[in-house]
Amino acid sequence: MNLENVTRQKQNKKILLALFLLIALCVLALMYVQARQIKRVDVESFKLGTLVRISAWGGSETQVASLIDGALQEVDRLEKLFSANIPDSEVSEINKNAGVLPVRVSGETYELASRSLYWARQTNGAFDPTIGPVVALWGIGTNHAKVPADEEIEKAISLLGYEKLRFSSGMEDDYALFLTQKGQRLDFGAIAKGQVADFAADALKRGGVRSALIDLGGNIVVFGEAPRGKMWKLGIQHPGKPRGEYFGVIAVADESVVTSGRYERFFESGGVRYHHIFDPATGRPSQSDLSSVTIVDKRSADADALSTALFVMGLRKAAEFLKQNPEINAILVSDEGEKSCVYITQNLAPRFSLSNKTMRFEVLE
Ligand code: AMP
Ligand code: MG
């Protein structure tokens, strides 16, 4: 082999290496561009006894998917603190120690209890987080649902009372809760989903997600821009029609929309339907003349507590409450069968459009 051939071979090797590096660089660049492309990621999972759906975008597909995964882990973590149905949750520990001992709890449980007490006081007990004994007695949504005897209901009512819940907090992460009467039981079923949705939204925002819709079984939080246009358009379930049938659409941005309705959970006995929203004053399913209440609020926990409370109040008291609290946005549906009427607060009316034209529509004074 002469010197000229050796030099040519070396040059060819260099060209091949350069080509290989160029192709590798192109492949890496392509992968990077693809990863940067903003794609919507949708995840569904069964949690909190309901279907949880999260749609999010605002980063690479893999980033957003892993942030959604983180938010779902947050949902699991909070459920293990707040659920009265998980035997070793913090709430169950408080219930087991009712009338015995204060129980040390996390800041999250303490905050949820404080917010609950606030709304219990504001709504004059229509929302009552100590409703647990009544919920357990009726068992609605379980396979041992029954209509209890009057004496049993009386006994359960004697255990209610949010003012019997004691709070203590120390210097650093040192929180305790105490139900002072034996047999009392906390049940955060009317507020916890909202609080969990708020935490899940915060987790996504912290991670850099730009836009998301979080749906915890109809308890919805949205933030950022909607897929088409700036505002999100959310349908509101018709209380008397099959799931997915809406009576109207509300436009929202960076807000939560929560509905409480008699159609959500119930059982039938002797031809009577018994639903899951109780009147703490009677210990029975609320005889509300409303069939659903929707609240639009910045915080899902507040929307959740309020939708339950206003449902229990019924039309007249709820309208009065809304008059006294004009910052609250509500849509009430009266229970008058075919002639049912949609009542909406003034501030919400411009953002709402009624799609069911057989329903009457009134803006609250
Ligand atoms: P929601 O679907 O948000 O209206 O909440 C209903 C759930 O909250 C029920 O399944 C009970 O666990 C609990 N609950 C029922 N009635 C009340 C009430 N008056 N105050 C507080 N929680 C209630
Ligand atoms: Mg609620």
Side-chain angles (χ1 to χ4, degrees), residues 48-51 79 82-86 89 91-92 95 112-113 115-142 145 153 156-157 159-163 165 179 184-198 215-221 236-237 239 243 256-267 274-288 290-297 299-314 317-318 321 328 330-333:
L48 297 161
T50 189
L51 184 68
E79 185 178 14
F82 301 160
S83 172
N85 303 320
I86 297 177
S89 72
V91 166
S92 293
N95 292 345
L112 183 66
R115 204 67 195 149
S116 297
L117 179 66
Y118 173 80
W119 284 122
R121 285 177 172 161
Q122 291 296 307
T123 63
N124 205 14
F127 166 84
D128 186 342
T130 64
I131 197 76
V134 171
V135 174
L137 181 63
W138 285 80
I140 295 173
T142 68
I153 294 175
I157 292 178
L159 297 169
L160 306 191
Y162 48 90
E163 294 297 354
L165 174 62
L179 285 166
Q184 278 199 289
R185 274 174 77 108
L186 286 174
D187 181 311
F188 290 127
I191 186 171
K193 265 198 268 172
Q195 180 86 337
V196 172
D198 286 331
D215 177 359
L216 305 188
N219 205 313
I220 294 173
V221 175
I236 302 183
Q237 174 67 41
R243 274 196 199 266
S256 172
V257 179
V258 181
T259 300
S260 281
R262 59 172 72 237
Y263 57 88
E264 283 171 354
R265 211 174 316 141
F266 56 83
F267 83 106
Y274 298 91
H275 63 79
H276 72 305
I277 305 173
F278 296 100
D279 184 343
T282 64
R284 296 166 195 274
S286 159
Q287 293 285 336
S288 180
L290 295 172
S291 45
S292 79
V293 174
T294 299
I295 303 286
V296 179
D297 199 289
R299 283 184 56 168
S300 197
D302 295 344
D304 196 359
L306 278 168
S307 62
T308 308
L310 267 64
F311 181 91
V312 172
M313 286 179 198
K317 280 193 186 161
F321 182 82
I328 297 173
I331 302 168
L332 317 176
V333 181

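Whatever order the structure lists them in is the order used to number ligands and atoms, beginning at 1. Note: hydrogens, waters and symmetry copies are ignored here, and every other heavy atom, side chains too, is used. By convention here, the first residue in the shown sequence is residue 1.
Nearest protein neighbour of atom 20 (N) of ligand 1, counting heavy atoms only, is Asp128 N, 2.9 Å. Residue, atom and distance of the protein heavy atom nearest to atom 22 (N) of ligand 1 are Ala190 CB, 3.3 Å. Considering only non-hydrogen protein atoms, atom 23 (C) of ligand 1 sits nearest to Ile131 CG2, 3.6 Å. The protein non-hydrogen atom at the shortest distance from atom 9 (C) of ligand 1 is His276 O, 3.5 Å. Annotation: atom 1 (P) of ligand 1 to nearest protein heavy atom, Thr308 OG1, 3.4 Å.
Of all atoms in ligand 1, listed by their number and element, those nearer than 4.0 Å to a heavy atom of Asp304 are 3 (O). Ligand-side atoms of ligand 1 in range of Ser260: 1 (P), 3 (O), 4 (O), range being under 4.0 angstrom from any heavy atom. With ligand atoms numbered from 1 in the order given, ligand 1 contributes 19 (N) to contacts under 4.0 Å with heavy atoms of Pro280. Set against the non-hydrogen atoms of Glu264, the atoms of ligand 1 under 4.0 Å away are 2 (O).
Ser288 contributes a side-chain N or O that, together with a main-chain N or O of Phe311, makes up a donor-acceptor pair within less than 3.5 Å. Using a distance-only test at 3.5 Å, with no hydrogens or angles considered, a donor-acceptor pair links the side chain of Asn95 to the main chain of Leu186. At least one donor-acceptor pair under 3.5 Å links the side chain of Thr123 to the backbone N or O of Trp119. Using a distance-only test at 3.5 Å, with no hydrogens or angles considered, a donor-acceptor pair links the side chain of Ser92 to the main chain of Ile86. With hydrogens and angles ignored, the 3.5 Å screen pairs no side-chain donor or acceptor of Ser292 with any backbone N or O of Ser260.
Not a single heavy atom of Lys193 lies less than 4.0 angstrom from ligand 1. The closest approach between any non-hydrogen atom of Ser307 and ligand 1 is not below 4.0 Å.
Atoms OG1 and CD, on Thr130 and Gln184 in that order, are 5.5 Å from each other to the nearest 0.5 Å. Here Arg185 contributes atom CZ and Ile131 contributes atom CD1; the two are 12.0 Å apart, rounded to the nearest 0.5 Å. With rounding to the nearest 0.5 angstrom, the NE2 atom of His275 is 12.5 Å from the CZ atom of Arg284. If you take CZ on Arg115 and CZ on Phe188, they are separated by 13.0 Å, rounding to the nearest 0.5 Å.
Checking Val134, Asp187, Ile140 against atom 13 (C) of ligand 1, the nearest heavy atom belongs to Asp187.
Using bins of under 30°, 30° to 60° and over 60° for the plane-to-plane angle, the ring pair Trp138/Tyr274 lands in the tilted bin.
Between Gly283 and Ile157, the closest heavy-atom pair is N-CD1, 3.7 Å. Nearest heavy atom pair, residue Ala309 against residue Ala126, reads O-CB, 3.7 Å.
Using a 4.0 Å cut-off between heavy atoms, Ala126 contacts ligand 1 through its backbone alone, with no side-chain atom that close.
The distance cut-off of 2.8 Å around the Mg ion (ligand 2) captures these protein N, O or S atoms, sorted by chain and number: Ala190 O, Asp304 O, Asp304 OD1, Thr308 OG1.
In terms of N/O distances under 3.5 Å, ligand 1 is approached by Phe278.
The only option from Ile191, Leu112, Leu48, Asp187 that meets the side chain to side chain contact (heavy atoms under 4.5 Å, CB included) definition with Phe82 turns out to be Leu112.
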